[in-house]
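Convention: sequence-line order gives letters A, B, ...; per-chain numbering from 1. Keep in mind the model is a prediction, meaning the values are calculated, not measured.
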Amino acid sequence: MDLLAELNPPQRDAVTHPGGPLLILAGAGSGKTRVLAYRVAHLLRERGVPAARILAVTFTNKAAKEMRDRVDRLVGGGITRAMWIGTFHHICSRILRRHGDRVGIGRNFVIYDDDDQRAVLRRCLKDLGLDERRFPPGVVLAFIDKAKNEAVDHVAYAAQATGFYEEVVARLYRAYQAALREANALAFDDLLLSVPQLFREAPEVCEEYQERFAHVLVDEYQDTNRVQYLIVKTLAERHRNLCVVGDDDQSIYRWRGADVRNILDFERDYPDVTVIKLEQNYRSTKSILAAASGVIAHNPHRHAKVLWTGNAPGDLLSFYEAYDGHDEARMVADEIARLRDGLRYRDMAVLYRTNAQSRLFEEQFLRVGIPYTIVGGVRFYERKEVRDLIAYLRLALNPGDDASFSRVINVPRRGIGDVSLQRLEAFAASGGMGLLQALTRPEGVAELPKAAQRAATDFVGLLERLRDRVLRVRATDLLEAAIVETGYQQMLEGEGTDEAYGRLENLRELVTVAQEFEHTTGESTLEAFLQHLALVTDLDTWQEDVDRATLMTLHSAKGLEFAVVFLAGLEEGLFPHARAFEEEGGVEEERRLCYVGMTRAKQRLYLSHARNRTIFGTTAPAIASRFLDEIPAELIARQQKAPPPEAVWPDEDREVPSFAVGDHVRHATFGEGRVLEVEGEGVRAVVTVRFAQGVKRLALGYAPLQRA
DNA sequence: CAGTCCCAATTTTTT
DNA sequence: ATTGGGACTG
């Protein structure tokens with residue numbers, strides 16, 4: 001197959017560029033993913049670059065997987081197995097597993113997520129005798145993360161800290177890093193920060209990687225932060241074959257430390273750079289592209305770039321001014337149900353600014369019966385039971401993991417409560433031990449009740465039994481064993497509630513995830529699986545092939561496309577978000593986010609806002625987003641106004657008859673029937689009724705149902 | 001020590 | 001509006 005036949009001239013130039021620094025400015029929908037995959041294929045096939053000598057960095061695991069699949073399809077033979085493709089975090093984690101010992105990071109290090117980090121920091125606050133109210137863990141962590149993203153370690157931070165608050169943060173930063181080191185744990189951002197450290201302290205390791213990676217490719221370069229910039233720069237230094245792809249108009253992660261300057265200043269960093277612009281959009285209709293361009297044109301300081309498309313003009317954009325959030329969601333649900341004639345659910349997505357907005361859509365989708373998936377929000381891996389089980393396994397693998405220890409020592413309840421735990425902590429600290437280690441000598445803990453001592457011995461035994469199998473047994477088997485042996489299953493079965501069984505289901509799901517992981521990667525060790533878990537996201541497990549409508553935030557939608565997109569909640573304060581007003585450049589970033597959202601749509605774009613928005617349980621009038629005004633008016637189909645509220649949503653205070661199972665009822669259309677099931681209460685109740693013509697589930701808020 | 005109740009904070013966005 | 005954490009009680 002001729003790789004180049006399907007490419008336009010600039011795409012072709014990008015793919016065949018011989019070497020040296022290459023900046024590809026790729027507008028939305030200009031086929032950049034394709035160009036990257038083709039370029040890798042070209043390097044492998046035409047230029048004979050060994051797969052093992054190519055490094056490709058993507059923004060999400062999903063993108064990594066797609067690139068791998070795509071290149072394999074182009075070149076064949078699973079050639080990408082030897083290639084390094086992954087997110088920055090993945091790549092760095094891999095490097096640290098191999099060479100982390102050079103900077104004092106043990107091979108079995110665990111990766112701490114937000115929750116774990118918070119727990120560690122709280123511990124530090126306590127140890128330093130600081131008040132959590134004055135120094136909320138979340139706020140302090142934000143300071144620390146920000147520093148880490150800017151490649152500032154605790155030493156450098158202490159040196160530049162000014163003012164009382166920052167000096168306290170500096171002390172906390174130091175204690176925090178020490179605690180992490182003690183537990184052989186890395187905070188998420190440490191994965192990145194530790195690599196430049198490693199490269200500094202072990203130059204021969206650095207050189208090894210520099211020599212190895214003949215070609216370095218980076219996707220979504222506009223969203224790299226300072227550390228990532230440093231890593232890329234270092235890795236590509238030897239061969240200078242650095243190809244970065246990005247779009248400054250789609251930089252939406254500044255809050256995470258992303259620095260658009262990385263892309264804007266690329267030409268300054270590499271004066272001999274070749275710049276290629278991809279300006280033809282293959283994704284959207286002319287209307288959609290023009291509307292998005294109209295919005296983004298309001299931003300200053302952009303790389304000059306004019307997107308165009310040869311696609312059809314398409315429909316005008318729809319705009320709906322809803323009465324409130326419920327009404328907005330109702331419109332979307334009804335519209336999706338209507339569009340279902342001709343389109344699949346999976347071709348449609350609802351995008352919103354904040355996760356909290358998802359619930360309204362969920363309600364309405366349930367009402368209309370639209371299958372959906374929500375990406376983000378309460379993530380599977382953040383569910384309590386899942387985290388608990390993982391904590392057991394992490395602790396088995398890494399006995400020094402105090403955060404995991406504290407998490408599970410009393411789950412299920414073992415009679416070792418806060419008081420005992422505090423005494424244990426004191427004992428551990430006095431002996432310089434980890435908590436689990438301290439627990440092996442329960443007699444050393446002051447005033448530990450007899451029952452607690454016995455529980456301690458049992459717990460230590462349990463962990464030893466798990467630990468004993470860690471290296472011998474597959475992760476899946478170990479998980480199954482842990483569910484039972486920890487007593488977790490018994491505890492949940494004992495509760496007997498639907499919720500408890502749901503949690504048990506989630507644990508089984510985790511076993512399935514491990515099975516799939518083993519199946520796709522061939523890795524069966526617990527260590528590999530835990531690392532995988534720490535780095536996967538909701539988006540990565542998002543199933544495109546299932547026919548469901550997608551609900552997600554605008555941020556999650558980056559890099560995706562849908563035939564139909566609903567962009568909801570276009571209100572001042574929500575989108576652009578109120579927080580954006582406080583920061584210099586905040587509104588510009590929101591505008592880019594809007595641009596990203598709009599350009600996800602291929603055929604149809606729906607915009608909506610609510611006149612009344614409920615936040616924190618209080619409803620306030622909302623003003624249409626400025627972004628709506630920035631779209632050329634002639635591209636928007638005249639708005640439909642919301643009907644009066646009574647017609648669209650049942651009044652929450654309305655009197656609704658209540659029914660019990662077995663009641664005889666009458667429905668205007670279905671006649672008489674008998675109630676089989678009642679879920680919820682009041683206007684929100686859903687009753688299942690057997691009528692002569694069949695069983696129906698009805699929402700009491702809508703259904704004209706009376707006592708017979 | 002565990003269960004219950006009450007209050008506060010949450011809602012920006014995520015690898 | 002929901003949820004988690006902290007205080008209080010049994």
Side-chain angles (χ1 to χ4, degrees), chain A residues 57-64 86-93 111 113-115 118-119 122 132-133 136-139 142 145 148-149 186-193 219-220 223-225 227-228 251-258 325 351-360 363 375-379 381-382 384 410-422 448-449 451-452 455 533-540 552-559 569 573-583 586-587 589-590 592-594 596-597 613-619 652 684:
Chain A
V57 187
T58 58
F59 196 70
T60 62
N61 294 300
K62 183 167 173 290
T87 60
F88 273 104
H89 291 85
H90 245 122
I91 304 284
C92 290
S93 170
I111 300 165
D113 66 16
D114 253 24
D115 256 31
R118 204 171 279 243
R122 290 191 123 147
E132 269 194 33
R133 299 182 167 276
V139 175
D145 284 347
K148 285 180 177 176
N149 284 326
L186 293 182
F188 213 81
D189 292 324
D190 290 332
L191 286 173
L192 302 183
L193 189 58
D219 196 6
E220 307 283 7
D223 278 321
T224 51
N225 64 29
V227 187
Q228 293 167 337
S251 167
I252 54 175
Y253 282 95
R254 203 179 58 148
W255 51 274
R256 211 172 70 187
L351 308 182
Y352 37 77
R353 181 66 179 82
T354 68
N355 280 307
Q357 288 166 259
S358 66
R359 247 199 54 223
L360 296 169
E363 280 171 14
V375 177
V378 219
R379 296 181 185 82
Y381 301 104
E382 283 173 14
K384 185 178 177 308
N410 208 28
V411 182
R413 303 215 186 285
R414 296 193 170 80
I416 301 180
D418 286 348
V419 179
S420 299
L421 190 59
Q422 270 176 29
L448 197 62
L533 282 189
L535 299 177
V536 287
T537 66
D538 225 43
L539 186 62
D540 301 325
M552 66 169 110
T553 63
L554 288 152
H555 283 88
S556 296
K558 182 161 92 154
L574 184 60
F575 189 32
H577 197 275
R579 297 295 271 267
F581 302 140
E582 296 161 18
E583 285 180 76
V587 172
E589 174 130 326
E590 298 284 306
R592 290 192 291 268
L593 195 52
C594 185
V596 167
R613 178 67 61 179
T614 306
I615 298 172
F616 297 152
T618 43
T619 305
E652 291 285 326
R684 288 176 184 276

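- Close to B:dT14, at under 4.0 Å from its OP1 or OP2, lies no side-chain N or O of A:Thr60.
- A:Phe575 comes within 4.0 angstrom of no nucleic acid atom, judged by non-hydrogen atoms across all strands.
- With distances taken from any side-chain atom of A:Arg579 to the nucleotides B:dT14, B:dT15, B:dT11, the minimum falls on B:dT11.
- By the side chain to side chain donor-acceptor pair (under 3.5 Å) test, A:Asn225 pairs with A:Asn149, sequence neighbours left out.
- Of the candidates B:dT15, B:dT11, B:dT13, the closest approach to any side-chain atom of A:Asn355 belongs to B:dT13.
- Annotation: ring-ring contact (aromatic ring centres under 6.0 Å, His included) contacts of A:His90 (sequence neighbours excluded): none.
- The pair A:Arg359-A:Glu363 counts as a salt bridge, with a side-chain nitrogen and a carboxylate oxygen less than 4.0 angstrom apart.
- Between the side chain of A:Arg592 and the main chain of A:Ser251, a donor-acceptor pair closer than 3.5 Å is present.
- Phosphate contact (OP1/OP2 of B:dT15, side-chain N/O of A:Asn61, threshold under 4.0 Å): absent.
- Nucleotide B:dT14 holds its C1' atom 15 Å from the CZ atom of A:Phe88, rounded to whole Å.
- At distances below 3.5 Å, at least one donor-acceptor pair connects side-chain atoms of A:Asp223 with backbone N or O atoms of A:Tyr253.
- For the pair A:Phe188 and B:dT15, the ring geometry does not qualify as stacking, because the centroid separation below 5.5 Å and plane angle under 30° are not jointly satisfied.
- Think of the region where chain A sits on DNA chain C: with heavy atoms and a 4.0 Å cut, that region ends 5' and 3' at C:dA1 to C:dG6.
- Residues meeting the side-chain contact (heavy atoms from CB on, under 4.5 Å) test with A:Leu593, sequence neighbours left out: A:Ile252, A:Arg353, A:Leu554, A:His555, A:Phe575.
- Look at A:Ser556 and you won't find any side-chain N or O under 4.0 angstrom from OP1 or OP2 of B:dT13.
- In this structure, CD of A:Gln228 is placed 16 Å from P of B:dT14, rounded to the nearest angstrom.
- For the ring-ring contact (aromatic ring centres under 6.0 Å, His included) test, no residue two or more places apart in sequence or in another chain qualifies with A:Tyr352.
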Which atom pairs link the protein and nucleotides 1-10 of chain B when you take only N or O atoms and keep those under 3.5 Å?
residue, atom, partner, partner atom, Å
B:dC1, OP1, A:Gly415, O, 3.4
B:dC1, OP1, A:Gly417, N, 2.9
B:dC1, OP1, A:Ser420, OG, 2.6
B:dC1, OP2, A:Val419, N, 3.3
B:dA2, OP1, A:Gly415, N, 3.4
B:dA2, OP2, A:Asn410, ND2, 3.2
B:dG3, OP2, A:Arg413, NE, 3.2

